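The structure appears below as structure tokens.
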2 protein chains.
Amino acid sequence: MSRLPVYLRCLVDLPDGQVTCSSDQLAAIAGVNSAQVRKDLSYLGTHGVRGVGYTITELRAQLRLALGLNKGYSVAIVGAGNLGSALGTYPGFDAWGFRVVAIFDLDPTKVGMKIGDQEVLAITELERAVRRQAVDIGIVAVPAGAAQDVADQLVAAGVRSILNFAPTVLHTPEWVETRRMDVSTELQILTYHLQLGSEAATDM
Amino acid sequence: MSRLPVYLRCLVDLPDGQVTCSSDQLAAIAGVNSAQVRKDLSYLGTHGVRGVGYTITELRAQLRLALGLNKGYSVAIVGAGNLGSALGTYPGFDAWGFRVVAIFDLDPTKVGMKIGDQEVLAITELERAVRRQAVDIGIVAVPAGAAQDVADQLVAAGVRSILNFAPTVLHTPEWVETRRMDVSTELQILTYHLQLGSEAATDM
DNA sequence: CGTTGTGAAGGTCTTCACAGCC
DNA sequence: GGCTGTGAAGACCTTCACAACG
């Protein structure tokens, strides 16, 4: 469920002194309905206390468990351009147990470059390195034209989760979970709404 | 509707010779159901031809119009770190009529730096510059702690669309459309599914 | 009294299935 | 024959509303 990470982050951001949190409060911070919060949390087999709320530490632990954040995960980044570099040095991974264990690029002039604590490897090394490091999650940060090929290689190397930054739809076997993060798409959704707004204004 | 940008991109990527496209083909490329495609397109008042499909050029034009891509949009980026820099030089904006007209940062050592064709401005300039340039879309690429403050400033300067890369939920007036793009959240959704998969395996 | 947990109602989004048309 | 457009069915998700409880 895609709201759980949001709840977890909200709970982590709560002031230190606070011990319990009501569904109302969490809902307000997370920007959702409070019945929604309770329903979501009831899936985790939580035990909130009526009249009081949820114990923050307990709830955090349960969310971490549900999201599988009790284990660590190995992440490989493919593409060492601007985006790949930004991701490779992103400080927010550690906190949730994500470790970048490899970065690949096709461009020979980039191979050997240092990004964070990783040296960029040639893309020809991908399958071997990904297999050896038992990579859990592959991040595709290459141009659209190369994305499907990279995804195929990741899948062939045993990766079962892919985060795709390329502006293209990846086709993967059904046992591979793929998510897309595409700036242009998001911007276009925003303009769609801007557009709707101005149409409505014209109607008057 | 969030699938329209995907359709549009798929259509643009189609081989040059092809004149028409069936809902089946578009569905296959975009990774959705074909009835879905037809329903989505019927909203645009399209006129596909039975037995043939949709005329690609016509459909592209209709999608562009529906998404409001016939006008150009001014974009401001707040935050000139790794991410802000990557976005400021992202070549994919132009094609859809997005123009980065300003980049801001709090850090005085970054002010004056050149990113793409823009000089980084002090964040104190934000409201004035955003207003003068009639910015349509603000991109928040600052640390979580600063994000709400930046969003408030963007809203105060008249921005009605925000794309938020900070790992936090922004609270904005209801006339402001906000979308979140957060790598950690996406990774956590992936681990949630990995987790479910391994639980199911344990059950056997 | 305040808040949870949840059945039931209400929405929305997706898919099916097929008539209608080229 | 092949494909669109769409009513109807179905699946899923969200919200309401309130009994149950500390």
Side-chain angles (χ1 to χ4, degrees), chain A residues 1-8 10-11 14 18-63 66-67 169 174 177-180 185 189 192-193 196, chain B residues 1-8 10-11 14 18-63 66-67 169 174 177-180 185 189 192-193 196:
Chain A
M1 164 85 57
S2 71
R3 279 179 303 266
L4 300 185
V6 177
Y7 297 156
L8 178 53
C10 291
L11 289 170
L14 244 31
Q18 198 174 339
V19 176
T20 63
C21 179
S22 68
S23 60
D24 258 347
Q25 189 191 355
L26 186 49
I29 307 173
V32 300
N33 180 291
S34 69
Q36 182 85 83
V37 170
R38 292 197 296 278
K39 208 144 252 185
D40 288 343
L41 296 184
S42 75
Y43 268 96
L44 314 181
T46 50
H47 233 297
V49 181
R50 288 160 202 244
V52 178
Y54 301 87
T55 308
I56 293 173
T57 52
E58 194 186 321
L59 193 50
R60 283 207 283 241
Q62 283 173 304
L63 282 167
L67 290 168
V169 177
E174 107 295 331
E177 176 85 9
T178 307
R179 296 189 62 86
R180 191 161 30 98
T185 301
I189 296 172
Y192 174 69
H193 286 107
L196 283 185
Chain B
M1 164 85 57
S2 72
R3 279 179 303 265
L4 300 185
V6 177
Y7 298 154
L8 179 53
C10 292
L11 288 172
L14 243 31
Q18 199 175 338
V19 175
T20 63
C21 179
S22 69
S23 61
D24 258 348
Q25 188 190 357
L26 186 50
I29 307 173
V32 301
N33 179 291
S34 69
Q36 183 85 82
V37 170
R38 291 196 296 278
K39 206 144 252 183
D40 288 344
L41 296 185
S42 76
Y43 269 97
L44 313 182
T46 50
H47 233 297
V49 182
R50 288 159 203 243
V52 178
Y54 301 87
T55 308
I56 294 175
T57 52
E58 194 186 323
L59 193 49
R60 283 207 283 242
Q62 281 174 305
L63 282 167
L67 290 167
V169 178
E174 107 291 335
E177 176 84 11
T178 307
R179 297 189 61 89
R180 192 162 27 99
T185 301
I189 296 172
Y192 175 68
H193 287 108
L196 285 185

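On a predicted model such as this, the values are computed, not experimentally measured, just so you know. Residue numbering restarts at 1 for every chain, and letters A, B, ... go by the order of the sequence lines.
Sorted pairs that involve residues 51-61 of chain B and meet side-chain hydrogen bond (donor to acceptor under 3.5 Å, both in side chains), not counting sequence neighbours, are lacking altogether. Sorted by first and then second residue, the side-chain hydrogen bond (donor to acceptor under 3.5 Å, both in side chains) pairs with a member in residues 39-50 of chain B read B:Arg3-B:Asp40, B:Tyr7-B:Asp40; sequence neighbours excluded.
Summarising the geometry of A:Thr185 relative to B:Pro5, their closest heavy-atom pair is CG2-CB, 3.9 Å, with the distance given to 0.1 Å. Taking both residues in full, the closest heavy atoms of B:Leu44 and B:Gln62 are given as O-NE2, 4.0 Å, listed atom of the first, atom of the second, then distance.
With sequence neighbours excluded, no residue forms a side-chain contact (heavy atoms from CB on, under 4.5 Å) with A:Ala61. With sequence neighbours excluded, the residues forming a side chain to side chain donor-acceptor pair (under 3.5 Å) with B:Thr178 are B:Thr172, listed by chain and number. For A:Arg180, the side chain to side chain donor-acceptor pair (under 3.5 Å) test picks out no residue, with sequence neighbours left out. Legend: residues meeting side-chain contact (heavy atoms from CB on, under 4.5 Å) with A:Val49, ordered by chain and number and at least two apart, are A:Val52. For B:Gln18, the side chain to side chain donor-acceptor pair (under 3.5 Å) partners two or more places apart in sequence, or in a different chain, are B:Gln25. For the side chain to side chain donor-acceptor pair (under 3.5 Å) test, residues two or more places apart in sequence or in another chain that qualify with A:Glu177 are B:His193.
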Protein and nucleotides 19-22 of chain D: nitrogen or oxygen contacts under 3.5 angstrom:
from	atom 1	to	atom 2	distance (Å)
D:dA20	N3	A:Arg50	NH1	2.7

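Taking 4.5 Å as the limit, every side-chain heavy atom of B:Ser23 sits out of range of all side-chain heavy atoms of B:Leu41.
Listed pair A:Arg3 / D:dT14 meets the phosphate criterion, a side-chain N or O lying under 4.0 Å from OP1 or OP2. Within the 4.0 Å cut-off from OP1 or OP2 of D:dT4, at least one side-chain nitrogen or oxygen of B:Ser23 is found.
The end-to-end axis angle of the helix from C:dC1-D:dG22 to C:dC22-D:dG1, rounded to 10 degrees and based on five pairs per end, is 10°.
Applying the side-chain contact (heavy atoms from CB on, under 4.5 Å) test between A:Val37 and each of A:Val32, A:Asp24, A:Ile29 identifies A:Val32 as the sole match.
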Practice problem: Please test B:Leu14 against B:Cys21 for side chain to side chain contact (heavy atoms under 4.5 Å, CB included), starting from the C-alpha separation and ending with a verdict. | Solution: CA-CA 9 Å; B:Leu14 243 31; B:Cys21 179; 4.0 Å; yes

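Residues from residues 38-47 of chain B lying near DNA chain C, meaning a heavy-atom separation below 4.0 Å, are B:Arg38, B:Lys39 in numerical order.
Taking atom CG of A:Asn33 as the reference point, atom C1' of D:dT14 lies 7 Å away to the nearest angstrom. Spacing between atom CD of B:Gln36 and atom P of D:dG5 amounts to 15 Å, rounded to whole angstrom units. The nearest whole Å value for the distance from the OH atom in B:Tyr7 to the C1' atom in D:dT4 is 14 Å.
Heavy-atom contacts of chain B under 4.0 Å fall on DNA chain C between two terminal nucleotides, which in 5' to 3' order are C:dT14 to C:dC22.
Residue whose closest nucleotide on DNA chain D sits further toward the 5' end, between B:Ala35 and B:Val52: B:Val52.
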